Structures are given as C-alpha cells and as structure tokens.
Amino acid sequence: MVRSRWSVVAAFALVGAATQMVWLTFAPVTTVAAQAYDVPVEWIGQLANVFVLVFVVLAVPAGVLLDRNLRAFLLLGAVLTAAGAVVRLGGDFTLLLVGGAIAALGQPLVLTAITGLARGYLLPRDRPAGIALATASTFAGMVAAFLLGAFLSSPDQMSTLVAIDAGYAVLAVAVLAVALRTRPVNDERIAAIGWRRGVGLVRQAWGIPMVRLLCLLVFLPFGTFIALTTWTETLLEPAGVSVEQVGVVLVVDVIAGVVGSATVPVVVARRGWQVGATVLAVVVTVAACVVLALAPGFLTALIALAAAGFVLLPMLPVVLELVERSAAEIEGVASGLVWAVGNLGGVVITTIVTFTIASPSGSFVLLAAIMLLTAALLPRLRRLLPRPR
C-alpha cells in the first residue's frame with residue numbers, strides 16, 4: 001500500500017525553519033549587533049534586506065531548477081543555507097555579509113520547493129496538510145529567531161547567537177539529506193529542462209489565470225504583513241510601547257500565525273472555503289489596523305496583531321495549495337512566481353509606508369486601505385476555484 005512520506009516533510013520543516021533563523025538572526029537585536037561588530041545600525045539592517053532582494057530575483061529561476069530535479073536542488077538550497085551560516089562564524093561584518101549572501105542564494109531553492117515536495121512525497125489527500133505544515137515551519141523559524149534574540153541580547157553574545165544558527169542549519173541539512181533518500185510517491189518530473197525551455201515554462205505558468213490571480217492575492221496580504229512587522233516598533237514608539245514590549249508583540253504575532261498556518265489551510269482546502277478565508281483575513285486585518293490607528297498601545301497591539309497574524313499568514317499556504325492543484329507539473333515555476341511577487345509586495349508596501357511614517361495613525365489607515373484592495377479579487381477567485389479534493 002502506497003503511503004505519504006511524512007518523514008521527508010518533517011525533515012524539510014527543519015531546513016525551512018533554518019532559512020528564517022539565518023535570515024532574521026539580528027532582527028530583534030539590530031542595535032546590539034551594530035555595537036558588537038562596530039558598524040552602523042543601517043548596515044546590520046542590510047544583512048536581512050539581502051535575503052529579500054535575492055529572493056525576488058531568484059525565486060522563479062529556483063522554480064525552474066526544482067521542476068528539473070526537486071531533490072538535488074532542494075538539498076543544494078539547504079547546503080547553501082548551512083554553508084552561509086557557517087561562514088558567518090568568522091566573526092567580522094564582512095564575513096557576516098558574505099555568509100548572508102551565500103545563505104540568501106539557498107533560501108529560494110528551499111521555500112519554493114514546498115509545493116513540489118508535497119506533490120512528490122504526499123498522496124493527494126495529504127497535500128494540503130503537508131503544504132500547511134511545511135509553510136508553518138518557516139514561520140516557526142521566525143519565532144525561534146525572535147526568541148533567541150530575546151535571550152541572547154548583549155554584544156558579547158552575538159557570536160553565540162550566530163553559532164547556534166550555524167549548528168542548527170548543519171544538523172537540518174544532515175537530516176534532510178537522509179530523508180531525501182526516500183523514494184517519492186510521485187516522481188513525474190519534467191525531463192531535461194534547458195534554460196530556453198525554462199523561460200517557456202515561466203510564460204506557461206503565467207498564462208494560467210489562477211496563477212496570475214494568486215500572485216496578486218499574495219502580493220497584498222503578505223506585503224501588508226511584512227510592512228506591519230517591519231514598522232511595528234517605529235509606529236508604536238510614540239504611544240509609549242517599549243522595545244521589549246514590541247518584541248513580545250512580534251513573537252505572539254508570529255506564533256499566532258504558526259498556529260493558523262498549521263490548521264486553517266487544511267480545513268479551507270477540504271471545504272473549499274478559500275474565498276471565506278480571504279474575506280476573514282481582510283476584515284480582521286483592516287479592523288486591527290483601524291484599532292491601532294485609533295488606540296495604539298501595548299495591549300491593543302498584542303491583541304490586534306495576533307489576530308492579524310492568525311488570519312494573514314495562513315493565506316500563504318492556502319495560495320500554495322491552489323498553486324499545486326492549478327499548475328500541475330510546473331508547480332515549481334508557478335510557486336516561484338508566487339513567492340517572488342509576495343516578497344516584492346513586502347518591499348513595495350514597506351517602502352510606501354515610509355512616506356507616512358511620521359504619522360503612525362496615518363500609516364495604519366494606509367495599510368488598512370491597501371488590505372481592502374484584496375476584496376476586489378474575490379469575485380474572480382470564486383469563479384476560478386477548483387473543486388475541493
């Protein structure tokens with residue numbers, strides 16, 4: 001009897017978390033890291049921006065490679081992530097930058113593999129759960145980065161923080177390498193994709209109406225979430241919310257997102273509730289932004305952003321599950337498009353908010369208005385939805 005290979009999904013989850021830990025190592029301790037490495041705070045911030053920019057550029061090429069050989073290029077992405085983390089052990093800012101760039105090359109190969117991994121190693125009925133759990137593992141990696149930063153928050157502990165990330169990433173690669181020796185339940189891959197053929201596959205994926213719609217759908221909610229988390233401290237500081245309290249808010253926010261991502265998409269896929277889930281995400285997020293515009297504070301931020309995280313982050317696995325069903329054997333390329341556009345949404349919306357940052361209430365209202373634009377996509381989503389499995 002053929003069974004789903006859940007051990008491979010579990011091994012992937014370790015690597016998925018590692019990519020986010022390496023990316024966000026210094027996010028909770030930016031000022032402290034700047035002191036430890038004797039560089040301006042802005043330089044530390046650029047270490048994380050490298051990952052976003054590389055992802056936007058390489059997500060689609062990564063999808064082409066994964067459609068050619070999922071196991072080989074997924075493992076390569078994991079190895080690059082671990083190698084970059086190890087290079088950062090050198091102890092100076094130059095090696096932090098070089099190591100971060102190496103790890104950034106691996107992140108698109110790992111995260112874009114989620115839909116292909118589900119298709120290759122899970123039976124159709126298990127794929128929504130597999131995509132949800134694999135995606136949730138990346139958000140769990142964010143939580144781990146925030147928590148490690150909270151416990152290791154002095155300048156002399158930065159080397160320990162980097163070492164923990166490196167050790168974990170190496171362990172995750174080893175586990176994944178062993179797990180990928182398991183034979184897939186579905187190994188129908190596209191043979192010998194050259195770059196010319198790869199470009200054709202990108203056009204083919206973009207030509208699928210559902211894929212184009214999903215790109216727009218992930219641009220707005222995912223971009224709004226990134227902007228909210230990026231500017232949380234700046235927007236709440238005038239209301240007297242301390243840096244430590246912002247750290248608590250962000251951890252609770254992402255934990256809520258992990259719980260939502262691991263549970264909500266499975267029910268949504270089985271019941272065909274994608275439209276309803278999107279409506280809920282819009283309503284809750286808009287309400288959260290309005291509350292923060294009118295009554296900013298620690299308690300309101302804790303409740304509002306946790307609620308937003310619970311409904312916003314599950315939208316990514318919901319979208320990826322639809323990609324897996326809509327794009328058939330080119331789900332790697334289609335996933336790359338979705339990931340690229342989602343990260344681009346984060347860059348664009350975060351940048352737009354910089355023009356209103358002097359007015360926190362205006363920034364929250366702007367984010368609410370941007371999120372409302374998602375509602376315009378709902379009628380088309382309803383028409384294009386495939387039947388539940």
Side-chain angles (χ1 to χ4, degrees), residues 12 15-16 19-20 23 49-81 84 100-120 131 134-135 138 188-223 226 315-351 377:
F12 173 88
V15 175
T19 63
Q20 306 306 289
W23 170 31
N49 289 339
V50 167
F51 282 80
V52 178
L53 294 175
V54 169
F55 205 117
V56 171
V57 173
L58 295 185
V60 174
V64 173
L65 293 174
L66 290 163
D67 277 334
R68 182 173 186 176
N69 191 323
L70 177 72
R71 285 185 283 184
F73 288 107
L74 170 56
L75 186 58
L76 174 61
V79 169
L80 287 171
T81 299
I102 294 171
L105 294 174
Q107 191 180 58
L109 289 168
V110 174
L111 299 188
T112 307
I114 290 176
T115 53
L117 188 84
R119 186 175 185 83
I131 291 172
T135 308
T138 66
E188 298 176 8
R189 311 309 307 160
I190 299 173
I193 299 177
W195 284 112
R196 182 174 298 179
R197 173 62 174 148
V199 173
L201 291 176
V202 173
R203 288 199 295 266
Q204 181 182 342
W206 186 251
I208 300 172
M210 176 61 88
V211 172
R212 292 199 303 272
L213 177 63
L214 293 176
C215 285
L216 291 174
L217 192 61
V218 79
F219 182 95
L220 295 170
F222 198 57
I226 292 175
M315 291 306 300
L316 183 57
V318 167
V319 165
L320 291 177
E321 192 273 335
L322 289 173
V323 168
E324 185 272 321
R325 283 198 280 164
S326 302
E329 295 300 330
I330 57 170
E331 77 281 332
V333 176
S335 295
L337 284 169
V338 168
W339 277 104
V341 173
N343 279 273
L344 182 61
V347 174
V348 171
I349 295 176
T350 298
T351 302
L377 304 174

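What you are looking at is a predicted structure, and each value in this text was computed from that prediction instead of being measured. We count residues from 1, following the sequence as given.
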Q) Quick one: side-chain contact (heavy atoms from CB on, under 4.5 Å) partners of Ala118, sequence neighbours excluded? A) Leu122, Arg127, Ile131
Q: Indicate the ring-plane relationship of Phe222 and Trp339, choosing parallel, tilted or perpendicular according to the 30° and 60° boundaries.
A: perpendicular
Q) CD of Glu321 to OG of Ser326: how many Å apart, nearest 0.5 Å? A) 8.5 Å
Q: Please assess Ile226 against Ile349 for the test side-chain contact (heavy atoms from CB on, under 4.5 Å), listing each intermediate value before the final yes or no.
A: CA-CA 8 Å; Ile226 292 175; Ile349 295 176; over 6 Å; no
Q. Taking all non-hydrogen atoms of both residues, which atom of Ala340 and which atom of Val60 are closest, and how far apart?
A. CB-CG2, 4.5 Å
Q | Closest approach of Val347 to Thr351 (non-hydrogen atoms, all atoms of both residues) | A | O-OG1, 2.6 Å
Q. Roughly how far, to the nearest 0.5 Å, is the CD1 atom of Ile208 from the CD atom of Gln204?
A. 6.5 Å
Q. What's the spacing between Met315 CE and Leu320 CG if we round to 0.5 Å?
A. 10.5 Å
**Q.** Shortest non-hydrogen separation from Leu74 to Ala113 and the atoms involved
**A.** CD1-CB, 3.9 Å
Q) In Å, rounded to the nearest 0.5 Å, how long is the span from CG of Asn69 to CG of Leu76? A) 10.5 Å
(Q) Just verifying a value: how many Å separate Leu111 CG and Leu66 CG, rounded to the nearest 0.5 Å? (A) 10.5 Å
Q: Output, in order, the C-alpha distance, side-chain angles, deciding distance and verdict of side-chain contact (heavy atoms from CB on, under 4.5 Å) for Trp23 and Thr81.
A: CA-CA 9 Å; Trp23 170 31; Thr81 299; over 6 Å; no
**Q.** Any Val110 side-chain heavy atom under 4.5 Å of Phe12 side chain
**A.** yes
Q.
Testing the basics here: between Thr112 and Ala62, what is the closest heavy-atom pair and its distance to 0.1 Å?
A. OG1-CB, 4.5 Å
Q) If you look at every heavy atom in Leu70 and Gly116, which pair is closest and at what distance? A) CD2-O, 3.6 Å
Q: Give the minimum heavy-atom separation between Leu80 and Ile102, together with the two atoms involved.
A: O-CG2, 3.5 Å
Q) How many angstroms lie between CD in Glu324 and CG in Leu117, if you round to the nearest 0.5 Å? A) 11.0 Å
Q. In chain order, what residues pass the side-chain contact (heavy atoms from CB on, under 4.5 Å) check against Val348, with sequence neighbours excluded?
A. Phe219, Leu344, Ile352
Q: Please tell me if the side chains of Arg325 and Leu322 come closer than 4.5 Å, counting only heavy atoms from C-beta onward.
A: yes
(Q) Quick check: do Gln107 and Thr138 have side-chain heavy atoms less than 4.5 Å from each other? (A) no
